[in-house]
Amino acid sequence: MKIAGGQVFDLKQGFAVRDVCTDGALIAKASGGGETLDASGCYVIPGLVDVHFHGCVGEDFSDADPEGLQKIADFELSQGVTYICPAGMTLPEDQLTAICKTTAAHRRKNAGGAEVVGAHLEGPFLCMAKKGAQNGAFLHDPDAAMLRRLQEAAEGCVKLVTLAPEQSGSVEFIKAAREMGIHVSVGHTVADYETAKAAFEAGADHATHLFNAMPPLAHRDPGVIGAAYEVPGVMPELICDGIHIHPAVVRLTFGLFGRERMIIISDSLRATGMPDGEYPFGGQMIEVHGNRATILGHPETLAGSVTSLMGCLRQTASFGVPLADVVRACTYNPARSIGIEDRVGTLDEGKEASMVLLDEKDLSIRAVVFKGQVVKA
């Protein structure tokens, strides 16, 4: 297939008008035959990669329901999100084990939809004071043996684990997680600058939804945000739904950390793609009004978003962040953060032929190509 005449995303150039050719499931120098897809008037970008979201269309990853996970994968692909690393909540170990086993079974089945590239354990190794929408009854101290059991249940599919590093044994936990091939993200924490920096220097390389569920950046107390900035390998997530972070702070954070490090996430809930109402979430109930989701009875406590990653891409671009930087933060950077950038995240020769054609005028989806096949046009 040939995707012809579009403005194609490039890590170095931003966008360049050229053709993209595919041969089977991979990007190639020349077309391996088949149709030509007219991309004139479009941006051609890699398929999006979401490394932190919980669900959509009435389904939640934490339910450990195979049919539900399939519905999630199908919806995400329809939105141009081609690779997903959904997040589990703070739950008892038996339910976390079920989530991990469901993930592994889904990957073996390979039934279509967005590829589930791994799992993100957002809980239970968090702190009570910044648990946010997590269920405090199931919080757990850092436990490398427990994490190892979960990784075994997932058949190696756990890619990320969130940790509040002020807890005893966190440095040892970080080192053990890295030995298991798991990236550690600092979040849901009250850690000060020194504690957070020690965690990053021990090997934590990710920050869970920066600014949310952590102390603010202050001029005499830089906290997690200041520590993350000072350790070059750390990649911060931002929920760019227009609710969680003010547009000025989104612009500021891109300027501070640079386009090479930023990750946009959706943190989307089962209510994404659904009408307003009340929905279960991690053993609690949330209520949704428009694009705002809060814990039922606690309207001050945000509970994730109801915006897909593609919606977050459009929001971030509307905030004035250069589109090439936004695309990078939704594709290559999240892929790199979980170690899959060798096959996804750019439109270079040899990478998987997963891409989205976006209308230049309003960034609406004109087509989705997944591993060389047009799945939406």
[X] side chain near [Y] side chain, heavy-atom distance below 4.5 Å:
X: Ile286; Y: Thr294; value: no
X: Val344; Y: Ser354; value: no
X: Val234; Y: Tyr229; value: no
X: Leu313; Y: Leu309; value: no
X: Val369; Y: Val375; value: no
X: Ile27; Y: Asp348; value: no
X: Leu363; Y: Met310; value: no
X: Leu238; Y: Met262; value: yes

Report the distance from atom [atom1] of [X] to atom [atom2] of [Y], rounding to the nearest 0.5 Å.
X: Met146; Y: Asp141; atom1: CE; atom2: CG; result: 10.5 Å
X: Ser185; Y: Lys159; atom1: OG; atom2: NZ; result: 15.5 Å
X: Leu121; Y: Gln151; atom1: CG; atom2: CD; result: 8.5 Å

Treating Ile, Leu, Val, Met, Phe, Trp and Tyr as nodes and any side-chain heavy-atom pair under 4.5 angstrom as an edge, say whether [X] and [Y] lie in one connected cluster.
X: Val306; Y: Leu302; result: no
X: Phe319; Y: Phe211; result: yes
X: Val171; Y: Val161; result: no
X: Met235; Y: Leu256; result: yes
X: Ile263; Y: Leu160; result: yes

Open item on the list: Under the criterion side chain to side chain donor-acceptor pair (under 3.5 Å), I'd like the reasoning laid out for Ser364 against Asp359: C-alpha separation, chi angles, the key distance, then a yes or no.
Closed with: CA-CA 5 Å; Ser364 60; Asp359 191 285; 4.7 Å; no
- [ ] Take Leu210 and Ile245 through the test side chain to side chain contact (heavy atoms under 4.5 Å, CB included) and record every step on the way to the result.
- [x] CA-CA 9 Å; Leu210 202 72; Ile245 307 286; over 6 Å; no
Just checking [X]: does its [atom1] atom have more than 12 heavy atoms from other residues, nucleotides or ligands closer to it than 6.0 angstrom?
X: Arg149; atom1: CZ; result: yes
X: Glu35; atom1: CD; result: yes
X: Lys351; atom1: NZ; result: yes

Donor-acceptor pairs are to be reported for all side-chain atoms of residues 69-77 against protein atoms at under 3.5 Å, with residues two or more places apart or in another chain.
{"unit_1": "Gln70", "atom_1": "NE2", "unit_2": "Asp74", "atom_2": "OD1", "d": "3.0"}
{"unit_1": "Gln70", "atom_1": "NE2", "unit_2": "Gly112", "atom_2": "O", "d": "3.0"}

TODO: State plainly whether the residues Glu155 and Arg107 are in salt-bridge range, i.e. N to O under 4.0 Å.
DONE: no
Open item on the list: Please determine whether salt bridge (charged side-chain N to carboxylate O under 4.0 Å, His left out) holds for the pair Glu115 and Arg343, giving the CA-CA distance in whole Å, both sets of side-chain angles, and the decisive distance to 0.1 Å.
Closed with: CA-CA 13 Å; Glu115 181 184 340; Arg343 63 184 184 94; 2.7 Å; yes
Open item on the list: Which residue is it: His244, Glu237, His188? I am looking for the one with a side chain to side chain donor-acceptor pair (under 3.5 Å) to His209.
Closed with: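 In the set His244, Glu237, His188, the residue that makes a side chain to side chain donor-acceptor pair (under 3.5 Å) with His209 is His188.
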Task: Residues which pass side-chain hydrogen bond (donor to acceptor under 3.5 Å, both in side chains) with Tyr332, listed by chain and number, not counting sequence neighbours - done: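 With sequence neighbours excluded, Tyr332 shows a side-chain hydrogen bond (donor to acceptor under 3.5 Å, both in side chains) to no residue whatsoever.
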Open item on the list: I'd like to check the side-chain hydrogen bond (donor to acceptor under 3.5 Å, both in side chains) partners of Asp63; sequence neighbours left out, ordered by chain and number.
Closed with: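 Partners of Asp63 by the side-chain hydrogen bond (donor to acceptor under 3.5 Å, both in side chains) criterion, ordered by chain and then number, come out as Arg270.
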Would you mind listing every side chain to side chain donor-acceptor pair (under 3.5 Å) that reaches into [range], with sequence neighbours excluded?
range: residues 25-34; answer: none
range: residues 305-314; answer: none
range: residues 213-228; answer: none

Open item on the list: Looking at every heavy atom in both Cys157 and Ala104, which two are closest together, and how far apart are they?
Closed with: SG-CA, 4.2 Å
Task: Nearest atoms (heavy-atom pairs only) where Pro165 meets Thr195 - done: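 Here Pro165 and Thr195 meet closest at O-CG2, 3.6 Å.
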TODO: Return yes if a side-chain donor-acceptor contact under 3.5 Å exists between Glu122 and Thr208, otherwise no.
DONE: no
Open item on the list: Please tell me whether Thr36 and Lys2 have a donor and an acceptor in their side chains that are separated by less than 3.5 angstrom.
Closed with: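 No, Lys2 and Thr36 have no side-chain donor paired with an acceptor closer than 3.5 Å.
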Task: Pairs satisfying salt bridge (Lys or Arg N to Asp or Glu O under 4.0 Å), at least one member in residues 252-263, at least two apart - done: Arg259-Asp325
TODO: Among residues two or more places apart or on two chains, list those pairs meeting salt bridge (Lys or Arg N to Asp or Glu O under 4.0 Å) that have a residue in residues 167-192.
DONE: Arg178-Asp205
Using residues 8-17 as the side-chain source, report each donor-acceptor pair under 3.5 Å to any protein atom, sequence neighbours left out, with the distance given to one decimal.
{"unit_1": "Asp10", "atom_1": "OD1", "unit_2": "Lys12", "atom_2": "N", "d": "2.9"}
{"unit_1": "Asp10", "atom_1": "OD1", "unit_2": "Gln13", "atom_2": "N", "d": "2.8"}

TODO: Please test Cys312 against Ile265 for side chain to side chain contact (heavy atoms under 4.5 Å, CB included), starting from the C-alpha separation and ending with a verdict.
DONE: CA-CA 8 Å; Cys312 291; Ile265 61 166; over 6 Å; no
Open item on the list: Run the side chain to side chain contact (heavy atoms under 4.5 Å, CB included) test on Tyr43 and Gln7 for me, step by step, so that the C-alpha distance in whole Å, both residues' side-chain angles and the decisive distance to 0.1 Å come before the verdict.
Closed with: CA-CA 5 Å; Tyr43 296 108; Gln7 295 197 55; 4.0 Å; yes
Open item on the list: For Glu194, give me all partners under salt bridge (charged side-chain N to carboxylate O under 4.0 Å, His left out), at least two apart in sequence or on another chain.
Closed with: none
Open item on the list: The test is side chain to side chain contact (heavy atoms under 4.5 Å, CB included); show your working for Asp241 and Asn291 and say whether it passes.
Closed with: CA-CA 8 Å; Asp241 62 346; Asn291 65 338; 5.6 Å; no
Open item on the list: Give me each pair satisfying ring pair (Phe, Tyr, Trp, His ring centres under 6.0 Å) with a member in residues 103-144, each pair once, sequence neighbours excluded.
Closed with: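 Matches after skipping sequence neighbours: His52-His120, Phe125-Phe173.
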Contacts table for residues 272-279: side-chain donor-acceptor under 3.5 angstrom, sequence neighbours left out:
{"unit_1": "Thr272", "atom_1": "OG1", "unit_2": "Leu269", "atom_2": "N", "d": "3.4"}
{"unit_1": "Thr272", "atom_1": "OG1", "unit_2": "Leu269", "atom_2": "O", "d": "2.9"}
{"unit_1": "Asp276", "atom_1": "OD1", "unit_2": "Gly290", "atom_2": "N", "d": "3.1"}
{"unit_1": "Asp276", "atom_1": "OD2", "unit_2": "Gly290", "atom_2": "N", "d": "3.2"}
{"unit_1": "Tyr279", "atom_1": "OH", "unit_2": "Pro275", "atom_2": "O", "d": "2.5"}

